[in-house]
Number of protein chains: 2
Amino acid sequence: MTQAARTRPAPIPDAANEDAREAGYAHAGTDQGEPARGEPAEAPHYDLIELLFFAYRDFVADPDRILAEYGFGRAHHRVLHFVDRHPGLTIAELLDILRITKQSLNRVLKELIEQGYIAQRTGTSDRRHRLLTCTPEGRALAQRLAGVQGERVRRALAEAGPALRDPASRFLLAMIEPGERAGVSRLIAGGDPARGDPAPEATP
Amino acid sequence: MTQAARTRPAPIPDAANEDAREAGYAHAGTDQGEPARGEPAEAPHYDLIELLFFAYRDFVADPDRILAEYGFGRAHHRVLHFVDRHPGLTIAELLDILRITKQSLNRVLKELIEQGYIAQRTGTSDRRHRLLTCTPEGRALAQRLAGVQGERVRRALAEAGPALRDPASRFLLAMIEPGERAGVSRLIAGGDPARGDPAPEATP
DNA sequence: CATTTATGTCAGTCTTGTTGACATATCTCA
DNA sequence: TGAGATATGTCAACAAGACTGACATAAATG
């Protein structure tokens, strides 16, 4: 057993310390402190804020376990995922999606290439470009990872109601920076990340 | 300008490389490859998977900017947030919420205490416990951080429809590991993280 | 009094992000 | 054609935040 899981067995602490809540600078529950007379300035949606934290925490835990088998991390996952979803992606496009520096990207990308999960080709119309694609191994891993995440989503919708799919999507999209939403929508719709048009089906 | 934002100005790449999609191990869009005859084994919900990634990315970007002013990071934010929400929280409870090691927690917690954002008291019924509370400064910072995240949520609901609040909550809750949901629900409802009952209002 | 529990701490490692500087190949435009 | 801009690659250093293992102390508990 690792140290991350402490000595205590229960997933939720079980110490029944009745006095633990004699808070000093206390406040609790629904009272949110008046911000400035006049405007009640509604309280933050603490429920959604925290649900997003916990949901994301569990959402990435599944892939993390698989990635550990390969000696990879989350950074590798993101690269593999978007390259799998968008074969022919360039470095610049990937940088734009991931919002990290090219040095950070290069480190993990180099490993994925060296270990045969991603392949590079030189662009033909612009030979400066490096077009990234997954090898069969990379594709298999990417799909295994998407599999466990998709399974969590599938189960969530099955349990909470398939009707939630659309509202959940719309909420999450609205949580994205307004200026980015169009690009993200195109990307998710399978569109070319570089342009506005739909995905040109891979030429066979 | 930093290196993270590359030379190219556009948020979405603008190179019109028409040939970029002559993929090698190509696949695209909706075809998901047959998994094993018999069961069609529905494709993963790539839309929700990716929306979660992008939404979370922007969701944490707001606090990150504020935290940088104080020389703090995301780890400090999480600690501050849950201590603010649950005054009198113990170390063990916090470890259980955050799912990190005590060493990791201790590093950031020590900084928050030394710099006067969080205060510690010894438990009275169990003097081994350290009951954590925010100082006024800690509370102010915690609320400023919750403010920007709450504002994003508020705007999302205003734009995509207030009716989404409940469906979004239910979806996110369902995305959480089943065994954890009850505890998370209690926590969010303002309940004592250690027990099953509602929050004992802070004794004045 | 022995053991367990809650917490603190030292020391080292890993992943993944950052900055700054510089190199190379290729494309574009005047 | 040649000057610049663009796309990529790379070296070196650094920081945050996670991890591991080991050990120390105080307090509760039987």
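Sequence lines set the chain letters: A, B, ... in the order given, protein chains first and strands last, and positions in each chain run from 1.
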Can you check whether A/Val148 reaches A/Arg65 side chain to side chain, under 4.5 Å on heavy atoms?
no

Hey, are the side chains of B/Ile118 and B/Thr135 touching, using non-hydrogen atoms and a 4.5 Å cut-off?
no

Quickly work out the B/Leu89 CG to C/dA6 P distance and round it to whole Å.
14 Å

Within residues 68-79 of chain A, which residues have any heavy atom lying less than 4.0 Å from an atom of DNA chain C?
A/Gly73, A/Arg74, A/Ala75, A/His76, A/Arg78

A/Arg130: partners by side chain to side chain contact (heavy atoms under 4.5 Å, CB included), with sequence neighbours left out
A/Ile91, A/Gln120, A/Thr122

Is there a donor-acceptor pair closer than 3.5 Å between any side-chain N or O of B/Arg85 and the backbone N or O of B/Leu187?
no

To the nearest Å, how far apart are B/Leu95 CG and C/dT9 C1'?
14 Å

Sequence neighbours left out, what passes ring-ring contact (aromatic ring centres under 6.0 Å, His included) with B/Phe53? Give chain and number order.
A/Phe82

Under-3.5 Å donor-acceptor pair between B/Gln103 side chain and D/dG21 base:
yes

From NZ of A/Lys102 across to P of D/dA7 the rounded distance in Å is 11 Å

Measure the shortest side-chain to side-chain distance between B/Phe54 and A/Leu172 over non-hydrogen atoms and say whether it is less than 4.5 angstrom.
no

Min side-chain heavy-atom separation B/Leu145-B/His81 under 4.5 Å:
no

Could you state the CG-C1' distance from A/Leu105 to D/dA7, rounded to the nearest angstrom?
13 Å

Listed pairs under 3.5 Å, donor-acceptor, residues 151-161 of chain A side chains, sequence neighbours left out:
unit_1   : atom_1 : unit_2   : atom_2 : d
A/Glu151 : OE1    : A/Arg154 : NE     : 3.0
A/Glu151 : OE2    : A/Arg154 : NE     : 3.2
A/Glu151 : OE2    : A/Arg154 : NH2    : 2.5
A/Arg152 : NE     : A/Asp62  : OD2    : 2.8
A/Arg152 : NH1    : B/Met175 : O      : 2.9
A/Arg152 : NH1    : B/Glu177 : OE1    : 3.2
A/Arg152 : NH2    : A/Asp62  : OD1    : 3.1
A/Arg152 : NH2    : A/Asp62  : OD2    : 3.0
A/Arg152 : NH2    : B/Glu177 : OE1    : 2.6
A/Glu159 : OE1    : B/Arg181 : NH1    : 2.7
A/Glu159 : OE1    : B/Arg181 : NH2    : 3.1

Can you find a donor-acceptor pair, distance only, under 3.5 Å between A/Gln120 side chain and D/dG9 base?
no

Nearest whole Å is fine: how far is D/dG9 C1' from A/Glu111 CD?
16 Å

Just jot down the side chain to side chain contact (heavy atoms under 4.5 Å, CB included) partners of A/Gln115, sequence neighbours excluded, or say none.
A/Phe72, A/Glu111, A/Tyr117

Tabulated below should be each protein N or O lying under 3.5 Å from an N or O of nucleotides 24-27 of chain C; please produce it.
unit_1 : atom_1 : unit_2   : atom_2 : d
C/dT26 : OP1    : A/Arg127 : NH2    : 3.3
C/dT26 : O2     : A/Arg128 : NH1    : 3.4
C/dC27 : OP1    : A/Arg127 : N      : 2.9

Separation of D/dT25 atom P from B/Asn106 atom CG, nearest Å, is 16 Å

Rounding to an integer number of Å, can you tell me how far A/Asp64 CG sits from D/dG17 C1'?
14 Å

A/Ser104 side chain N/O closer than 4.0 Å to the phosphate oxygens (OP1, OP2) of C/dT16?
no

Send over the distance from A/Arg107 CZ to D/dC14 P, rounded to a whole Å.
15 Å

